[in-house]
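Remarks on the structure that follows.
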Amino acid sequence: MKNTAISVIIPCFNQQKHIKECLDSIINQKFDSYEIIAVDDGSSDSTPEILRAYASKNKKINEIEIENSEDITKEEDSQYVEIKSEINL
């Protein structure tokens, strides 16, 4: 199994108009040693549904839903995400 070279972290809040284009632009790259961590911050539009749909079709996409402005960087919240690469964007 290849190591993941790059983790692309995408914070999202009510981005239904743009999130597909964002995800597609990463997925369609020739470089394939990446993971996508899409963090939805309590969107009230269809952003969470779009992220779930993409994550269900692509194992490189990790979709995380949190409540508005919850700080996932706190140590006690570290169970939200496990970053697999040394380079994080």
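Worth saying up front: this structure is predicted, and the values here are computed from it rather than measured.
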Item to complete: Please lay out, stage by stage, how V39 and I66 fare under the test side chain to side chain contact (heavy atoms under 4.5 Å, CB included).
Response: CA-CA 7 Å; V39 182; I66 60 175; 3.9 Å; yes
Worksheet entry | Residues in side-chain contact (heavy atoms from CB on, under 4.5 Å) contact with N14, at least two apart in sequence or another chain | S43, S44, D45
Which atom pair, heavy atoms only, marks the closest approach of [X] to [Y]?
| X | Y | result |
| --- | --- | --- |
| A55 | E63 | CB-CB, 4.0 Å |
| S56 | A53 | OG-O, 2.8 Å |
| D41 | F13 | O-CD1, 3.0 Å |
| Q16 | S46 | OE1-OG, 2.7 Å |
| N62 | E35 | ND2-OE1, 3.4 Å |

Practice prompt. Go through the steps for L23 and N58 under the test side chain to side chain contact (heavy atoms under 4.5 Å, CB included), then give the verdict.
Written response: CA-CA 11 Å; L23 293 170; N58 187 324; over 6 Å; no
How long is the gap from [atom1] on [X] to [atom2] on [Y], to the nearest 0.5 Å?
| X | Y | atom1 | atom2 | result |
| --- | --- | --- | --- | --- |
| C22 | I50 | SG | CD1 | 11.5 Å |
| I37 | I64 | CD1 | CD1 | 6.0 Å |
| I36 | K59 | CD1 | NZ | 14.0 Å |

Worksheet item: With sequence neighbours left out, what residues match Y54 under side chain to side chain donor-acceptor pair (under 3.5 Å)?
Response: D24
Worksheet item: Residues in side chain to side chain donor-acceptor pair (under 3.5 Å) with N28, at least two apart?
Response: none
Practice prompt. Quick one: do I19 and I10 satisfy side chain to side chain contact (heavy atoms under 4.5 Å, CB included)? Show the steps, please.
Written response: CA-CA 9 Å; I19 194 63; I10 305 171; 4.1 Å; yes
Worksheet item: For atom NZ of K20, is the number of surrounding heavy atoms from other residues, nucleotides or ligands below 6.0 Å larger than 12?
Response: no
Worksheet item: Yes or no on side chain to side chain contact (heavy atoms under 4.5 Å, CB included) for I26 and F31, after CA distance, side-chain angles and deciding distance?
Response: CA-CA 9 Å; I26 298 166; F31 182 79; over 6 Å; no
Worksheet item: Is the closest side-chain heavy-atom distance between T47 and Q15 below 4.5 Å?
Response: yes
Discussion item. When you measure from the side chain of S33 to the backbone of A5, do you find a donor-acceptor pair of N or O atoms at a distance under 3.5 Å?
Written reply: yes
